[in-house]
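All values below were derived from every heavy atom in this structure, side-chain atoms included, with hydrogens, water molecules and symmetry-related copies excluded.
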Amino acid sequence: AGIVPKTVIDVGANTGQFSVAASNEFRHADIYPIEPDPSTAVKLRQNLPASIAKNIIRKAVGERDGTIIFNVNTDSQVSSILPLGDDRQRAFPRSVVTQQISVPLATLDSIFSLIPLAEPVLLKIDVQGYEDKVIAGAATILESVSWVVMEVSFARLYKGEQDFVSIIGLMAKHGFRFVRPLNFHQSGKSADIIEMDALFERA
């Protein structure tokens with residue numbers, strides 16, 4: 001898609017799937033993985049080269065600074081600040097919350113207020129329904145962002161999650177247009193597409 005960032009911010013890095021891919025694709029970019037779950041962050045550090053692991057930020061990202069309760073799931077990719085929605089529980093009954101932990105919460109604006117970012121910036125957001133809150137706390141940093149890769153939902157996967165149409169409107173307010181899907185995620189019990197990774201670029 002002609003994307004060549006000098007900085008990659010990986011919000012919701014999990015065990016490093018996107019950060020590892022980005023390090024292979026964009027070899028000269030600075031990469032900042034952000035992951036709130038301490039046990040998942042250990043695996044994240046193990047999967048990354050030292051040059052990227054040193055940039056790991058162990059926080060949840062949202063609309064304010066403080067602390068927040070984080071729902072740890074049997075499937076770490078499903079862990080979220082938000083409670084599981086009806087569609088998620090029906091499609092993936094084995095994905096259950098095992099514990100709730102308190103984690104630090106910060107806005108992207110505060111996290112990067114003292115970190116100079118080389119432009120252009122690629123921002124990836126995969127936070128299981130909390131994407132709109134991440135955007136709410138990123139008004140300043142979004143001015144430096146050229147592309148956003150964001151997981152968006154077509155089903156009730158988390159309580160309080162914004163749907164795809166709402167996300168398109170939110171991104172438009174910040175000067176971004178939806179370009180195309182990058183991949184789809186299907187329900188575990190049917191062929192229904194329940195979410196996708198969407199590419200946005202500055203209009």
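Under the 3.5 Å distance criterion, the side-chain polar atoms of E119 are left unmatched by any main-chain donor or acceptor of L117. With Q89 contributing its side chain and L84 its backbone, the two residues share a donor-acceptor pair below 3.5 Å. Using modelled atom types, one side-chain atom of D75 and one backbone atom of Q77 make a donor-acceptor pair closer than 3.5 Å. No donor-acceptor pair under 3.5 Å is formed between the side chain of R58 and the backbone N or O of P38. Side-chain atoms of D10 do not come within 3.5 Å of backbone N or O of G16 as any donor-acceptor pair.
In summary, the side chains of S80 and N73 do not present any donor paired with an acceptor at a separation below 3.5 Å, with no hydrogens or angles considered. Looking only at atom types and distance, the side chain of S79 has no donor-acceptor partner in the side chain of D37 under 3.5 Å away. Judged purely by distance below 3.5 Å, without hydrogens or angles, the side chains of Q128 and E151 pair a donor atom with an acceptor atom.
Cluster annotation: I81 and V152 are assigned to the same hydrophobic cluster (Ile/Leu/Val/Met/Phe/Trp/Tyr, side-chain heavy-atom contacts under 4.5 Å, transitive). In this structure, F200 is a member of the same hydrophobic cluster as I141, with clusters built from ILVMFWY side-chain heavy atoms closer than 4.5 Å. F26 and V11 fall into different hydrophobic clusters, where Ile, Leu, Val, Met, Phe, Trp and Tyr side chains are chained together by heavy-atom contacts under 4.5 Å. V179 and L182 end up in the same hydrophobic cluster when Ile, Leu, Val, Met, Phe, Trp and Tyr side chains are linked at under 4.5 Å. Under the 4.5 Å side-chain heavy-atom criterion for ILVMFWY residues, a single connected hydrophobic cluster contains both F184 and V78.
A155 approaches E161 most closely through the heavy-atom pair O-OE1, 4.0 Å. T74 and R94 get closest at one heavy-atom pair: OG1-O, 3.0 Å. The two residues G137 and T107 make their nearest non-hydrogen contact at O-CB, 3.2 Å. Taking each heavy atom of A13 and Q17 in turn, the nearest pair found is O-OE1, 3.5 Å. Taking each heavy atom of L157 and R88 in turn, the nearest pair found is O-CB, 3.2 Å. Residue Q100 comes nearest to N71 through the heavy atom pair NE2-OD1, 2.7 Å, listed as atom of the first residue, atom of the second, then distance.
Distance check: I125 CD1 to I9 CD1 gives 9.0 Å after rounding to the nearest 0.5 Å. Rounded to the nearest 0.5 Å, atoms CD1 (I193) and NE2 (H185) are 11.0 Å apart. Rounding to the nearest 0.5 Å gives a distance of 12.0 Å between CD1 of I111 and OH of Y32. The OG1 atom of T140 lies 4.0 Å from the CG atom of D109; values are rounded to the nearest 0.5 Å. Taken from NZ in K173 to CD1 in I168, the straight-line distance is 13.5 Å, to the nearest 0.5 Å. One distance of note links OG1 of T7 with CD1 of I115; it measures 10.5 Å at 0.5 Å rounding.
Here the side chains of F176 and V148 are in contact, with some heavy-atom distance below 4.5 Å. Between P33 and N55 there is a side-chain heavy-atom pair separated by less than 4.5 Å. Residues L108 and L123 are in side-chain contact: their nearest non-hydrogen atoms beyond the backbone lie under 4.5 Å apart. Using a 4.5 Å heavy-atom threshold, the side chains of V103 and I68 count as touching. Looking only at side-chain heavy atoms (C-beta outward), I57 and F112 come within less than 4.5 Å of each other. Under the 4.5 Å side-chain criterion, counting only non-hydrogen atoms from C-beta, L105 is not in contact with T67. F18 is not listed as a side-chain neighbour of D126, based on a closest heavy-atom distance of 4.5 Å or more. Residues H174 and I135 have side chains in contact (heavy-atom distance under 4.5 Å, counting atoms from C-beta outward).
Of the charged side-chain nitrogens involved, none lies within less than 4.0 Å of a carboxylate oxygen, so that R45 and E35 do not count as a salt-bridged pair. Using a cutoff of 4.0 Å between basic side-chain nitrogens and carboxylate oxygens, E201 and R177 are scored as salt-bridged.
Every pair passing ring-ring contact (aromatic ring centres under 6.0 Å, His included) that includes a residue from residues 114-170 is listed here, sequence neighbours excluded: F154-F164, F164-F178.
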Worked check of side-chain contact (heavy atoms from CB on, under 4.5 Å) between L48 and I31: CA-CA 10 Å; L48 296 175; I31 299 175; over 6 Å; no

Test log, rule side-chain contact (heavy atoms from CB on, under 4.5 Å), inputs D87 and I194: CA-CA 9 Å; D87 291 341; I194 57 175; over 6 Å; no

Residues V8, S19; criterion side-chain contact (heavy atoms from CB on, under 4.5 Å); working and verdict: CA-CA 8 Å; V8 177; S19 287; over 6 Å; no

Derivation and outcome, side-chain hydrogen bond (donor to acceptor under 3.5 Å, both in side chains), residues N14 and S76: CA-CA 7 Å; N14 195 246; S76 65; 3.1 Å; yes

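Summarising the local packing, CZ of R156 is surrounded by 12 or fewer heavy atoms from other residues, nucleotides or ligands at distances under 6.0 Å.
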